Amino acid sequence: MTSNEIKALTGQYVMNTYGRFPVALDHGCGATVYDPEGNEYIDFTSGIGVTALGYGDEAWVEAITKQAGKLGHVSNLFYTEPAAKLAEILCKRTGESCVFFANGGGEANEGMIKLARKYSFDKYGKGRSTIITLKNSFHGRTITTLMATGQEVFHNYFFPFTEGFRYAAANDLAALEEAAGDDVCAVMMELVQGEGGVLPLDYGYVQAVKKLCQERDWLLLVDEVQSGVGRTGSLFAFQQYDLLPDVVSFAKGIAGGLPMSGIMANEKCRNVLSPGTHATTFGANPVCAAAGLVVQERLSDAFLEEVKEKGAYLRESIEALNLPCFGKTRGMGLMIGIEVKEGYDKGQIANKLIDAGLLVLTAGPGMRLLPPLVITKEEMDKGLAIMKKALG
């Protein structure tokens with residue numbers, strides 16, 4: 001099919017819930033993708049942080065193919081090897097104690113919320129179920145995770161929303177304490193606010209929240225749906241904050257392009273969700289888990305150090321371009337935000353870059369870059385050259 005045929009068919013039969021860019025993609029290699037006509041695009045998006053190993057990775061394709069031929073799906077009523085191995089690796093690499101596998105980030109965060117409320121119910125009974133989240137946060141698009149999201153724009157249309165959330169400004173401990181009360185059971189936060197604009201939290205603030213949670217027996221919940229799985233230059237961002245969350249969610253890059261997510265819990269929380277209290281049909285799918293094993297094998301300490309170096313190179317190079325529409329960059333590793341100066345429109349900038357052959361994202365008030373972790377210097381330089389030519 002041609003690009004126009006794909007777009008027409010999509011418009012006729014797919015629900016119109018996305019403001020799509022006018023590009024149809026057909027195949028890719030590394031961090032470069034192509035449309036059906038063969039036009040090349042450098043990808044600074046990786047499917048919104050999903051295709052960690054880029055496109056066409058041979059080991060990833062081989063693992064999926066082999067597992068699909070062996071066992072595509074059973075259910076969590078039985079045991080399978082790939083999920084057990086993946087859980088072991090994640091726990092050993094993070095210090096967490098156990099894993100629950102799910103399908104997408106919103107579902108993972110739902111599970112984390114349920115665990116926190118059950119932990120408090122089991123220990124204190126009813127009336128202690130409120131979770132404090134941060135303003136400008138984003139936690140998903142289910143009814144509950146929309147309400148957990150600390151942005152008023154998302155609290156519309158789908159009434160009634162799930163109750164039990166209060167919001168505090170990020171990096172402001174006094175605001176967090178003001179939102180506290182006897183009904184609180186947990187604090188939930190992204191260490192790097194992704195959809196809010198790629199905004200890392202201050203180290204000192206995170207440590208202060210950790211101490212407060214320990215003093216009041218609140219669970220510390222960390223949403224690493226976007227920042228996890230090597231994105232920030234460590235396996236999880238919490239490792240750069242000297243933190244071991246009570247519960248942490250993950251998704252996006254965990255299976256390198258297949259739908260998989262989950263939560264990890266520490267020893268205190270490992271038995272909270274007992275048989276019958278939480279479940280999911282496709283979680284721990286063996287094909288997805290097999291793909292996840294390849295991702296984990298690739299994310300060595302040396303590889304993660306390269307992610308930090310690539311992120312630093314991109315940020316420094318973008319600022320050195322001195323483009324009239326861009327200000328400072330921010331972020332961690334290959335999770336990068338770019339300030340858009342007053343008078344410029346981020347959507348128009350994104351469309352200009354995409355038209356010129358560079359796929360980018362927006363977030364909050366600015367631009368967002370989430371390239372595949374395997375992106376090469378040559379691909380980064382191509383992207384930077386497109387940026388300079390299109391926006392200079």
Side-chain angles (χ1 to χ4, degrees), residues 1-11 14 18-62 64 230-231 252-253 256-258 291 295 298 303 306-307 309-311 313-321 323 325-326 329 333-338 340 345-363 366-392:
M1 295 178 71
T2 66
S3 290
N4 285 338
E5 288 170 340
I6 292 170
K7 286 185 271 188
L9 197 64
T10 301
V14 177
Y18 294 95
R20 300 177 192 267
F21 293 110
V23 176
L25 299 174
D26 181 73
H27 61 283
C29 180
T32 306
V33 290
Y34 302 85
D35 66 16
E37 290 71 37
N39 296 307
E40 178 183 287
Y41 298 84
I42 302 300
D43 183 14
F44 278 12
T45 73
S46 64
I48 316 184
V50 170
T51 52
L53 303 184
Y55 304 94
D57 182 85
E58 291 183 4
W60 184 80
V61 172
E62 182 182 354
I64 291 169
R231 177 56 52 187
K252 299 287 189 185
L258 293 184
V295 173
R298 196 68 56 83
F303 182 98
E306 288 179 6
V307 170
E309 292 169 1
K310 291 173 183 178
Y313 176 75
L314 266 182
R315 289 181 61 185
E316 290 165 7
S317 298
I318 291 167
E319 291 188 2
L321 291 176
L323 296 171
C325 56
F326 287 165
T329 64
L334 284 171
M335 187 174 181
I336 298 170
I338 310 172
V340 171
D345 182 271
K346 62 181 181 179
Q348 291 179 0
I349 292 170
N351 276 298
K352 264 191 175 183
L353 291 172
I354 291 168
D355 286 344
L358 177 63
L359 306 186
V360 296
L361 300 162
T362 61
M367 310 304 296
R368 174 176 43 158
L369 308 181
L370 302 168
L373 305 183
V374 297
I375 192 169
T376 64
K377 185 175 184 297
E378 179 186 5
E379 288 170 319
M380 289 190 287
D381 286 342
K382 278 187 178 182
L384 291 164
I386 293 169
M387 200 176 278
K388 181 177 181 181
K389 184 177 180 181
L391 305 177

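Here the structure is a predicted model, which means the values were calculated and not measured.
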J.: What pair of heavy atoms forms the shortest contact from Ser3 to Asp35, and how long is it?
T.: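 Answer, listing the atom of Ser3 first, then Asp35: OG-CB, 3.9 Å.
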J.: Determine whether a donor-acceptor pair (N or O, by modelled atom type, separation under 3.5 Å) exists between the side chain of Arg231 and the backbone of Met335.
T.: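 It does not hold such a pair.
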J.: Is Phe303 close to Leu373 at the side-chain level, that is, under 4.5 Å between some pair of heavy atoms?
T.: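 Result yes, sub-4.5 Å side-chain heavy-atom pair found.
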J.: Has the side chain of Lys310 got a donor or acceptor atom that lies under 3.5 Å from a matching backbone atom of Ile375?
T.: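 Yes; judged by distance alone, with no hydrogens or angles, the pair exists.
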J.: Would the number of heavy atoms belonging to other residues, nucleotides or ligands and lying under 6.0 Å from CD of Glu40 be above 12?
T.: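 Check passes, neighbour count above 12.
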J.: Quick one: does Leu353's side chain get under 4.5 Å of Phe21's, heavy atoms only?
T.: no
J.: Between side-chain atoms of residues 382-392 and protein atoms elsewhere (two or more places apart, or another chain), which donor-acceptor pairs fall under 3.5 Å?
T.:
none

J.: Main chain of Gly347, side chain of Asn351: is a donor-acceptor contact present, judged purely on distance under 3.5 Å?
T.: yes
J.: Can you give me the closest heavy-atom contact between Ala291 and Leu258, atom names plus distance?
T.: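 Answer, listing the atom of Ala291 first, then Leu258: CB-CD1, 4.1 Å.
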J.: Could you state the interatomic distance from SG (Cys325) to NZ (Lys346), rounded to the nearest 0.5 Å?
T.: 14.0 Å
J.: Heavy atoms only: give me the nearest Asp26-Pro36 pair and the separation to one decimal.
T.: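 Reported closest heavy-atom pair: CB-N, 3.8 Å.
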J.: Got Leu370 and Ile48 here, is their nearest side-chain heavy-atom distance under 4.5 Å?
T.: yes
J.: Checking Thr51 side chain against Gly54 main chain: does a donor-acceptor pair fall under 3.5 Å?
T.: no
J.: Cut-off 3.5 Å, side chains only: do Asn4 and Thr2 have a donor facing an acceptor?
T.: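 There is no such pair (donor and acceptor under 3.5 Å, judged by atom type) between the side chains of Asn4 and Thr2.
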J.: Is it true that atom CD of Glu37 has more than 12 heavy atoms of other residues, nucleotides or ligands lying nearer than 6.0 Å?
T.: yes
J.: I need the Leu314 CG to Asp381 CG distance, nearest 0.5 Å.
T.: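 Output value for this atom pair is 9.0 Å.
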J.: Counting only heavy atoms not in Lys352, do more than 12 sit closer than 6.0 Å to its NZ atom?
T.: no
J.: Would Arg20 and Thr10 count as a side-chain contact (heavy atoms from CB on, under 4.5 Å) if you check the C-alpha gap in whole Å, the side-chain angles of each, and the deciding distance to 0.1 Å?
T.: CA-CA 11 Å; Arg20 300 177 192 267; Thr10 301; 3.9 Å; yes
J.: When rounded to the nearest 0.5 angstrom, what distance separates CG in Leu53 from CH2 in Trp60?
T.: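 If we round to the nearest 0.5 Å, Leu53:CG and Trp60:CH2 are 8.5 Å apart.
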J.: For Glu5, does the CD atom sit with more than 12 other heavy atoms under 6.0 Å from it, leaving out its own atoms?
T.: yes
J.: Start with the C-alpha gap between Leu369 and Thr45, add the side-chain angles, then the distance that decides, and say whether side-chain contact (heavy atoms from CB on, under 4.5 Å) holds.
T.: CA-CA 6 Å; Leu369 308 181; Thr45 73; over 6 Å; no
J.: Under a 3.5 Å distance rule, please check whether Arg368 uses its side chain to pair with a backbone N or O of Leu361 as donor and acceptor.
T.: no
J.: Looking at every non-hydrogen atom in both residues, tell me the closest pair between Gly30 and Pro372 and how far apart they are.
T.: O-CG, 4.4 Å
J.: Sub-3.5 Å donor-acceptor pair from the side chain of Lys7 to the main-chain atoms of Val23, do we have one?
T.: no
J.: Pick one: which of His27, Glu379, Glu378 meets side-chain hydrogen bond (donor to acceptor under 3.5 Å, both in side chains) with Thr32?
T.: Glu379
J.: Measuring from Thr329:OG1 to Ile338:CD1, what's the distance to the nearest 0.5 Å?
T.: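 Interatomic distance, Thr329 OG1 to Ile338 CD1, rounded to 0.5 Å: 7.5 Å.
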J.: Would you indicate whether the side-chain heavy atoms of Leu334 and Val307 approach each other to under 4.5 Å?
T.: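 They are in side-chain contact.
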J.: Given side-chain contact (heavy atoms from CB on, under 4.5 Å), test Asp57 with Arg298 step by step and report yes or no.
T.: CA-CA 11 Å; Asp57 182 85; Arg298 196 68 56 83; 2.8 Å; yes
J.: For a 4.5 angstrom cut-off between non-hydrogen side-chain atoms, does Phe326 reach Met367?
T.: yes
J.: Does the side chain of Ile336 come within less than 4.5 Å of Phe44's, by heavy atoms?
T.: no
J.: Measuring from Tyr313:OH to Lys377:NZ, what's the distance to the nearest 0.5 Å?
T.: 3.5 Å
J.: Quick one: closest heavy-atom pair of Gly366 and Val340, and the distance?
T.: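 Taking every non-hydrogen atom into account, CA-CG2, 3.8 Å.
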